[in-house]
Structures are given as C-alpha cells and as structure tokens.
Amino acid sequence: MISKKLHDAINEQINAELWSAYLYLSMSLDAEDKGLKGVANWFFIQFREEQDHARIFMNYLNSQGAKVVLKPIAKVDTKWKTPLDMFKKTLEHEKVVTSLIHNLAVIAHEDMDFASINRLNWFVDEQVEEEENARELIDSFEMAGDNKYGIYQLDKELATRVYKVPSPLATAE
Ligand code: MG
C-alpha cells in the first residue's frame, strides 16, 4: 500500500517522464533536420529511456494496486540553435527531474514506505548518470566550439550509442 500523497505524486512523475520523452523526441527530430544523425540517435535513445522511466513508475503503481492516471502532455520547444544548446537544456531539465525524484523520496521516507524507497533509489542513481552524461557532452561540444570537423566527429561518436533496456524492466520480462 502506498499513501494517497505518494500515489498522486507518482502520477505527476509519470507525466514528467513522458514530457521528458516528448522533449527529447523533439530534439532528436530537430537534430535530424540539421543533418546531425548522431545527435538525433542520442536523443532518440533518450526518448525511449524516458518512456521506460514512465513505464517503471506505471508498473510500480500497478503492483501496489494504485491506479495510473494519465494527464495531458504540455507542449515542447521544437528548435535549438546548436547541439550545445540542446545538451545545456538537457542538463537544466534533468536537474529539475532530479529534484522531483528527491521530493518523491522525501514523501516515501515520511511514510516509512520501504518498498517505495527501494524503487526510488534506482531513480536517484539514474539521475546522477543523466546529469553526468549531459555535463560530459556539454564539455565536448564546448571544446569543439564552432569547429565543423569537431562537431562532425562528435556526431559520429553519438551515432554509436545503443539502446539498453533499463534493469527494472529487463528483470520484469
Ligand atoms: Mg527520466
């Protein structure tokens, strides 16, 4: 059993994860439009991962006998000037998501809800990784600056990213 407060907050979080998915899909499409296939690939994988995050929360609510209620997805930007701008926005957004996850963890602790604390711990770790990835890519694109060859090389590197099923879903299969 989870509290009504945590149940409502996780429903909000499902919306936030799906909004993240929509944001990264938009970045992927904008990168594709700019001929940056590697950047497009990176964000498309990010789009899939965010849907997975939503799914993990949905599975969790279902497992607790708590109903998932979907809410409208707010609109997202559709254009960025450079890949650097995309990764800066990504970091800024992931920091917001981190604080949302931490708020959920605070509620779970207040409730002394140990199952929810365990589930949320996975997300706490995941957010460290998300922020670190964005920070590394900001550094790389800052180093490349306006150098077209540098951007081309980075784009090629990002084309190699492959999608992996996150562990909470992999074990559920
Ligand atoms: Mg997420």
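Atoms within each ligand, like the ligands themselves, are counted from 1 in listed order. Atom set for the values below is all heavy atoms of this structure, side chains included, hydrogens, waters and symmetry mates excluded.
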- Message: Are Tyr24 and Phe44 an aromatic pair, judged by ring center distance below 6.0 Å?
- Response: no

- Query: Thinking salt bridges, do Lys89 and Asp85 make one under a 4.0 Å N-O criterion?
  - Reply: no

- Query: In terms of side-chain geometry, is the basic nitrogen of Lys37 or Glu157 positioned less than 4.0 Å from the acidic oxygen of its partner?
  - Reply: no

- Near the Mg ion (ligand 1), is there an N/O/S atom from Glu130 that is less than 2.8 Å away?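 So Glu130 does not bind the Mg ion (ligand 1) by this criterion.
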
- Report yes or no: does Glu50 have an N/O/S atom closer than 2.8 Å to the Mg ion (ligand 1)? yes

- In Glu17, the N, O or S atom nearest to the Mg ion (ligand 1) is which?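 Among the N, O or S atoms of Glu17, the one closest to the Mg ion (ligand 1) is OE1.
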
- What N/O/S atom of His53 is the closest to the Mg ion (ligand 1)?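 The Mg ion (ligand 1) is closest to the His53 atom ND1, counting only N, O or S.
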
- Tell me, with the steps shown, if Glu12 and Lys71 meet salt bridge (charged side-chain N to carboxylate O under 4.0 Å, His left out). CA-CA 8 Å; Glu12 290 296 334; Lys71 292 155 200 274; 3.4 Å; yes

